[in-house]
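What you see below is based on every heavy atom in this structure, not just the backbone, and it leaves out hydrogens, waters and symmetry mates. Along the sequence shown, residues carry numbers from 1. Remember, it's a predicted structure, so these values are computed and weren't measured experimentally.
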Amino acid sequence: MSATPLLVPAVRPARGIRRLLRRVADGRAGAAPPPAPSVLGVGVGARTEDIDSLYHHRRLELVRLAVLLVDDVPTAEDVVQDAFTAVYRRHGPRLAGLDDPEAYVRRCVVNAARSVLRRRRTVRSYVPPRTPPAPPPEEEVLLREEHREVLVALRRLTVRQRQVIVLRYWSNLSEEEIADTLGLSRGTVKSTASRGLAALARRLEEAP
């Protein structure tokens with residue numbers, strides 16, 4: 001199946017990639033997109049007053065982010081739960097000492113996803129990789145063919161490229177925010193995004 005113009009458009013590819021990543025994440029997480037920040041009463045960059053409010057307003061969005069990084073919903077949910085637990089233990093229910101709790105939790109989620117991927121690589125270096133569990137029946141309904149192609153293409157990128165592409169075109173973070181989240185320089189983020197986007201486009205063009 002050839003790539004559709006939406007997947008690899010000639011003009012403004014970021015919009016198409018981001019739209020597809022959101023559709024894929026929505027399908028994998030099995031729920032409608034979260035309300036916009038203005039509807040929630042939490043502006044972009046604004047401080048969320050306590051961890052309960054942050055969990056209520058941002059959990060689903062963070063699970064969707066984690067799904068795109070670790071490939072399966074149960075692991076993504078565990079990653080987000082562990083991140084919130086760690087934040088609670090370190091900063092308490094009022095998130096004392098955090099200027100931007102949302103960015104801090106997002107970094108925790110990305111770092112936890114990295115740990116999951118490292119553990120998987122370690123296990124696979126000593127034992128044969130296990131056959132992935134069959135997708136649930138509803139996944140065939142939730143994901144159209146091009147969405148499955150995007151997930152397959154994302155898995156074939158390097159870990160760093162995948163993280164940068166997901167954070168840039170799904171989470172809509174700036175280069176500075178991605179650099180802060182991943183502990184990279186802005187130049188590295190920019191070059192990685194460029195190479196990752198080109199590689200993703202090639203993978204999609206190669207799809208049967």
Side-chain angles (χ1 to χ4, degrees), residues 1-29 33-34 36-37 44-45 58 61-72 75-76 79-80 83 100 102-118 120-121 124 143-208:
M1 178 178 177
S2 61
T4 66
L6 178 62
L7 297 179
V8 193
V11 181
R12 299 176 69 183
R15 174 180 291 181
I17 293 293
R18 184 185 172 203
R19 185 181 298 123
L20 273 167
L21 289 175
R22 181 173 294 280
R23 289 179 184 173
V24 170
D26 288 348
R28 299 282 282 190
V44 175
R58 294 292 181 245
E61 180 180 338
L62 291 169
V63 168
R64 288 170 176 163
L65 168 63
V67 164
L68 292 170
L69 297 175
V70 301
D71 288 337
D72 67 275
T75 302
V79 162
V80 173
D100 191 343
E102 183 177 340
Y104 183 84
V105 173
R106 184 170 55 239
R107 284 196 297 272
C108 289
V109 168
V110 171
N111 289 335
R114 282 171 155 177
S115 296
V116 167
L117 296 178
R118 281 197 298 268
R120 286 178 180 173
R121 286 196 297 270
R124 288 170 182 170
L143 290 181
R144 299 211 310 264
E145 182 63 32
E146 74 250 33
H147 298 169
R148 288 192 290 272
E149 288 178 4
V150 172
L151 285 174
V152 170
L154 279 172
R155 294 186 191 114
R156 295 173 66 187
L157 301 180
T158 67
V159 173
R160 179 175 292 180
Q161 286 174 345
R162 182 175 180 174
Q163 291 170 343
V164 170
I165 289 294
V166 169
L167 291 173
R168 180 69 184 93
Y169 298 115
W170 185 77
S171 291
N172 199 31
L173 299 189
S174 66
E175 290 176 357
E176 183 177 0
E177 290 170 325
I178 296 171
D180 183 55
T181 298
L182 299 179
L184 304 173
S185 68
R186 290 186 63 180
T188 298
V189 169
K190 185 173 182 177
S191 61
T192 301
S194 178
R195 289 194 299 268
L197 194 60
L200 185 61
R202 287 196 302 272
R203 303 302 187 197
L204 292 169
E205 287 176 342
E206 294 166 1

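- Residues Leu200 and Gln161 form no side-chain contact, since every pair of their non-hydrogen atoms from C-beta on lies 4.5 Å or further apart.
- Residues Ala193 and Ile165 share a closest heavy-atom pair of O-CD1, 3.7 Å.
- Glu175 approaches Lys190 most closely through the heavy-atom pair OE2-CG, 3.6 Å.
- The side-chain hydrogen bond (donor to acceptor under 3.5 Å, both in side chains) search around Thr75 returns Asp72, not counting sequence neighbours.
- What you find for Ala76 and Val63 is that their closest heavy atoms are CB-O, 3.7 Å.
- With Thr181 as the fixed residue, the side-chain contact (heavy atoms from CB on, under 4.5 Å) test singles out one of Asn111, Val109, Val110: Val110.
- Here the side chains of Arg114 and Gln163 are in contact, with some heavy-atom distance below 4.5 Å.
- Side-chain contact check for Ile178 versus Leu184: every heavy-atom pair is 4.5 Å or farther apart.
- Residues Arg106 and Leu173 form a side-chain contact, since some pair of their non-hydrogen atoms from C-beta on lies under 4.5 Å apart.
- With hydrogens and angles disregarded, a donor-acceptor distance shorter than 3.5 Å links the side chain of Ser191 to the backbone of Thr188.
- Side-chain contact between Leu167 and Leu182 is present, with heavy atoms from C-beta onward closer than 4.5 Å.
- With contacts defined as side-chain heavy-atom distances shorter than 4.5 Å, the pair Val105/Val80 does not qualify.
- The backbone N or O of Gly196 sits nowhere less than 3.5 Å from a side-chain atom of Arg160 that would complete a donor-acceptor pair.
- No side-chain donor-acceptor contact under 3.5 Å links Glu61 to the backbone of Arg58.
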